[in-house]
Amino acid sequence: MINSLALLSLIIGIPLFGMVFALIAKGDENFGGKNSSDVAIFTIITNIFMIWRIFMVIDEENLSLQLFENISWLSVPPVSLVFAVDNISLLMILAVHLIVLMGIIAVRNELQAGLKTLMVYTLLFLSLSTGFFVSANIFSFYIFFAAMLVPLFMLLGIFGELKKAERLNIFLIYNIIGAGLVFTAVLLIYKYYGNINLNNKDIIQWQQNKGMLIYGLLALGIISRIPIWPFHYFISSISARVHNPLVFILISLLPLSSIYALLRFWPTEIPDFISRQFIWVHIIGTVTILFISLISLINRDSQYKIFAFINVYYILYLLGIFIREQLILQSIGYALFGLLIIFGGLEIVSAYIYSQEKIHESYSSGFLCRAKRLSLVYSFLTFAAIGFPISSMFTNNFLILSKISSANIQIGTFLMFSCLIVSASLIKEMFRLKTDDKESSLGKDDDLPLGQFVFMMFVIFVLMMSFIRPLWFVIDE
Amino acid sequence: MLLQLLICLAALSAASLLVTQGRRRRIWSIIMLFMLVAVSYFLLRGYDNEQTGNFIYQWLPYKSLKADINISSSKNMRQMFFPLFLLLSGTVYLTTIFPFEKHSLHFNTLMLLCFISLILQTSSHDFLQLIFSGSMFSIISFYMPDEITAKKKIFIFNFLAEMSLFMAASVIYASTNTLNLSALDEYVDFGAHKDLAAVLVLLAVGIKCGLFMLNSHYQALKDISLNRIAGIFSLSVPLSGIVLAFKLYPLLGIFPKSVIIFWIVITLIYSFMQALFNCNLKSKMIFLFTASYSFILLNIVEDFGDAQLYIPRLLIINFIISFTFILSYLAASGEENMNFTGGFFRYSPLNAFSCVISMLCLIAAFSELSVSIYSKIFFLLYIVVIGCFIRTFYFGKCRADEKVIAFAKNSGVLYILPLLVVSILIFLHSIQWKNYDFYIGEVCFLLILLFCPTAKILRLGSASLFSRDLVLSLYEIVIIKPLNYFGRILWLFFDIVLIEHNMIGNISDAFASMVLRLRNFQDFRVLGYLVSFAIGIVVVILYIGCRLYD
């Protein structure tokens, strides 16, 4: 399907326009920040409508890429950017927009200094991540894959609150090495096959034209963004210490780009001698999940628990991709939608609780006993996160785990056990907040503001609807 | 019929969620009760007319993942609904009148939601609906206790049960490629990893029904109010465990029957011992109900008679017995410790009289249900426990505090009248004058009332076996602490020592020294030029070599 309205370029462009408007927003430091956050919110809502519109235009039954857009960039050498979407990429874009919107709403009243900078880089990241999700050829894929790192590094540097500079350096070097590996693979692909579209990726032969090397580099470069043991610490030592919810959300989207890239690049045919080695990926992934979940159980930092929660599921979906079934790939897309929204919601609510505890210098417990709105939202999101059937994560996790168990029951059992432990750590945190402490000065007045509560209820509604039918909002024309 | 009932209950619960939970909660609860009575009347009419409208909604229409929302059930299951609905009305009534309940409307709404979950669970024909309805029970059970420790334990145990079921279902689906429960028979014959699936299902059923070693969450309920305990044991999680056992019966058949029966019998012995000797009034009630659910499970496993008809009757008996406990609790102004009760016959004669009469009537129902040697023993033990309780509380030596005695009085007509009326109705409905079990039960009960050594029982009850949850302490030592230590070791060794202190430090140092050395090449010394030149030459030679090799 050829897209004559350039809808995809538009959804990349709108956040960029928004960024320019946010940058030139008038006012002093405080009001400039407020204005820029208003611009960001307006931009994201506009883009969400555009995404909804695209959902109406595409054929959701068709699993292949649709709405192709071709933008010629260089004539010599011939390089062009190609954009296209399918259900999964659109769902990813929608989820990212929703959680970024949640993040902005959460920080706009809390953070005063630097809000404008935060909004500018956030919109830039949003534009680049949207570009990444709609990229349909090898060059556009690489450009957005690498470019996404720029606003993230800036945000980490400014809002990361990192005490040790070498941590950030290691993180930066680690990601640049990953991007370099992908870049090398892209150059090799360009040399042997040209600027191919991602739906033609199967022309890359495993045993010709350095196919093994290409796939190897791609796999290493892409997986480097997922916190696989023993490299998980480079990511966890950075992300789990970021207390700005919006920055934490953005940094946690890095592994998502890897999962999505693997979904896109996954070859239809894989030689047997390669697929036999996948057991090692499963073993390493399982060890990582077990590792992260056990640490989350003993760690008292709520941020680490949320970090562990999202990364355990990221790795689970990574292992799901290695099962190599079309149905599973589709399920991962739908599950990720639920996962991101639950993660975003939990992070926002936790950050709110953390900020209130900080203001009142009351770190004990029992906030949820007095804040009814907060309690409702937090409990629901925790129920969804631990795997109760109230979001699209449930059905799709069921499928993914059953397929992994069918391939290897031991791995399946360990994965289930790890999910159980990470859920236990979330439950532990919920009960910490629900155990009343009479000495705590937090009260009814510190409850979630009404506007934010209504928005979170809308998010919960979206989650519940995703359980009933993942694409409930699509009306066929 | 079920769909209409479900919609009615959903509308009623939605309405009660909307109305304020403030001062008029009892009035709203009474309105709810009247509505439930009206619905039960129509349910009875529909039940007589055998109206069996089925409802099926295609939820997941995919070939490889087909699941429906099915609201239709077998005739036997449907026959359970009317008595269970009466039980629902009874729990709503009890919650409405119970003076210590501050959130009666809220709890009544939860009871309605439990009934909705029950309809969904009994109607389920596939795993997704079964897990969904089971999870609804678990989420509702989170809100049912009004005390945080009980809330925590019941939620965590139920969560474990749900996860076990989820894992079992995913293993079964991986083997059969269908979610339909009708494929279970085939799976039991030819499926992969059926032992694992069976263990997981047994774990889920065991937790929900409160089998031995898996009932700590029910023991924790002793800190919540009595009406809530009665509600939870009438129509909530334990009942969902029973329905689960029915639905997944073929899987339980994988185990040798003797193993499950042995486990249930151990549970029964433990529960009856606790019910007899435990000094806490609420714990007594909890263990008695746990024993009842274990007994129902025994019936299902052993396939005695018509278990579906057996369940509501036993649950109704349990509910009436909970009235007996509530009357005693109210007479003693909320005193739970049996060591500080006794001799209340003098201060609350009507309560004592109602409890004795009610028990004498219920023995007729017991004798009707005694169809096997197991049930005869079970009901005899049940009579012994209740007999000992009534004897200790009303007729034993008075050990109560003066303040408690000063406030002791007969409970109101709202408690005593329904208890007597329902007990007598049950007696008239069940009495079989030629059944010798009835006379044995009555004699046994009266003998216990007259001669039970209450002082010895109370002394035994003070032992730590009956006053502490030893199983939970065992879990803490065997599972929770080792997991915490293991996590801490992993974190300290790998994250902190190995990566943070060594790897990150070493990489930083390596980069720093490399940058320093590289900087040396770029100074104005001749050696620097020479080394740079030599490196360039090597790179060119390597490149040409590679090209020639290609």
Side-chain angles (χ1 to χ4, degrees), chain A residues 164-167 169-170 173-174 229-234 236-237 290-291 293-299 327 331 366 369 379-380 383 386-390 394-395 397-407 409 412-413 416-417 419-421 423-424 427-428 430-431 434-436 467-469, chain B residues 59-60 62-65 67 69 127-128 131-136 138-139 142-143 148-149 151-152 155-156 159-160 162-164 166-167 169-175 177 179 192-193 196 200 480 483-491 494-496 498-500 503-505 507-509 511-512:
Chain A
K164 288 187 179 176
E166 64 249 42
R167 275 205 189 118
N169 294 341
I170 293 281
I173 292 166
Y174 180 67
W229 191 87
F231 304 110
H232 70 282
Y233 193 70
F234 296 139
S236 71
S237 66
L290 200 58
F291 198 98
S293 55
L294 277 170
I295 293 176
S296 81
L297 192 66
I298 56 125
N299 207 317
L327 179 70
S331 296
C369 300
S379 306
F380 185 91
F383 292 156
I386 63 178
F388 277 126
I390 40 183
F394 171 78
T395 335
N397 280 357
F398 176 82
L399 258 181
I400 295 161
L401 273 167
S402 77
K403 290 294 171 190
I404 292 175
S405 304
S406 130
I409 190 72
T413 312
M416 194 66 210
F417 179 64
C419 292
L420 194 74
I421 292 179
S423 303
I427 294 172
K428 202 173 158 184
M430 181 176 76
F431 279 109
K434 277 190 177 276
T435 307
D436 202 1
F467 172 62
I468 296 164
R469 197 170 157 238
Chain B
W59 180 16
L60 299 172
Y62 314 111
K63 247 185 201 173
S64 48
L65 191 71
I69 299 281
F127 270 109
L128 279 192
I131 297 174
F132 174 71
S133 49
S135 301
M136 266 180 80
S138 297
I139 293 174
F142 171 76
Y143 292 101
I148 190 70
T149 314
K151 204 182 256 277
K152 194 174 177 177
F155 183 72
I156 290 173
F159 172 66
L160 276 176
E162 294 311 330
M163 285 294 113
S164 303
F166 178 83
M167 181 69 186
S170 66
V171 169
I172 294 166
Y173 174 75
S175 179
N177 246 344
L179 291 167
H193 313 300
L196 176 68
L200 290 165
I480 298 166
L483 269 181
N484 275 323
Y485 285 131
F486 187 50
R488 198 164 289 280
I489 289 167
L490 286 178
W491 178 59
F494 286 101
D495 281 10
I496 302 298
L498 200 72
I499 303 175
E500 171 117 19
M503 266 171 100
I504 290 185
I507 293 172
S508 291
D509 293 346
F511 265 97

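Letters go in sequence order (proteins before strands), and every chain restarts at 1.
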Colleague: If we define contacts as heavy-atom pairs under 4.5 Å, which of B/Val171, B/Leu196, B/Ile139 has the most with chain A?
Modeller: B/Ile139
Colleague: Between OG of A/Ser406 and CD1 of B/Ile172, what distance do you get to the nearest 0.5 Å?
Modeller: 13.5 Å
Colleague: Report which part of A/Phe417 has an atom under 4.5 Å of a heavy atom belonging to chain B: side chain, backbone, both, or neither.
Modeller: side chain
Colleague: Select one option (side chain, backbone, both, neither) describing which atoms of B/Ile156 are under 4.5 Å from chain A's heavy atoms.
Modeller: side chain
Colleague: Are A/Thr413 and B/Met167 close enough, and set up right, to give a side chain to side chain contact (heavy atoms under 4.5 Å, CB included), and what steps lead you there?
Modeller: CA-CA 8 Å; A/Thr413 312; B/Met167 181 69 186; 3.9 Å; yes
Colleague: Quick check on B/Phe127 against chain A: is it the side chain, the backbone, both or neither that has a heavy atom closer than 4.5 Å?
Modeller: neither
Colleague: Working to the nearest 0.5 angstrom, can you tell me the gap between A/Ile295 CD1 and B/Arg488 CZ?
Modeller: 10.5 Å
Colleague: For a side chain to side chain contact (heavy atoms under 4.5 Å, CB included) check, start with the C-alpha distance between B/Ser138 and A/Phe383, then their side-chain angles and the critical distance, and finish with the verdict.
Modeller: CA-CA 10 Å; B/Ser138 297; A/Phe383 292 156; over 6 Å; no
Colleague: Would you call B/Ser170 and A/Lys403 a side-chain contact if the rule is heavy atoms closer than 4.5 Å?
Modeller: no
Colleague: Between A/Ser296, A/Ser405, A/Pro389, which residue shows the highest count of heavy-atom pairs closer than 4.5 Å to chain B?
Modeller: A/Pro389
Colleague: Counting heavy-atom pairs closer than 4.5 Å to chain B, which one of A/Ile404, A/Leu290, A/Leu420 comes out on top?
Modeller: A/Leu420
Colleague: So, using ring-ring contact (aromatic ring centres under 6.0 Å, His included) as the criterion, who are the partners of B/Phe166 when residues are at least two apart?
Modeller: A/Phe394, A/Phe398
Colleague: Which atoms of B/Ile69 are under 4.5 Å from chain A, going by heavy atoms: the side chain, the backbone, both sets, or neither?
Modeller: neither
Colleague: For B/Ala169, is it the side chain, the backbone, both, or neither that has a heavy atom closer than 4.5 Å to a heavy atom of chain A?
Modeller: both
Colleague: Measure the spacing between CZ of A/Phe431 and NZ of B/Lys151 and express it to the nearest 0.5 Å.
Modeller: 7.5 Å
Colleague: Ring centres of A/Phe467 and B/Phe132 under 6.0 Å apart?
Modeller: yes
Colleague: Which region of A/Ile427, side chain (C-beta onward) or backbone (N, CA, C, O), has a non-hydrogen atom less than 4.5 Å from a non-hydrogen atom of chain B, or is it both or neither?
Modeller: side chain
Colleague: Could you look at B/Ser135 and say if it's the side chain, the backbone, both or neither that has a heavy atom under 4.5 Å from chain A?
Modeller: both
Colleague: To check you understand the geometry: which heavy-atom pair defines the closest contact between A/Thr435 and B/Ile148, and what is its length?
Modeller: OG1-CG1, 3.8 Å
Colleague: Taking only residues two or more places apart in sequence, or in another chain, which ones meet B/Lys152 in a salt bridge (charged side-chain N to carboxylate O under 4.0 Å, His left out)?
Modeller: none
Colleague: Non-hydrogen atoms of chain A under 4.5 Å away: do they reach the side chain of B/Leu483, the backbone, both or neither?
Modeller: both
Colleague: Tell me, side chain or backbone of B/Leu200 under 4.5 Å from chain A's heavy atoms, or both, or neither?
Modeller: neither
Colleague: Can you name the closest pair of heavy atoms from B/Phe155 and A/Met430 and give their distance?
Modeller: CE2-CE, 4.2 Å
Colleague: Could you tell me which of B/Trp59, B/Tyr485, B/Phe486 has the largest number of non-hydrogen atom pairs under 4.5 Å with chain A?
Modeller: B/Trp59
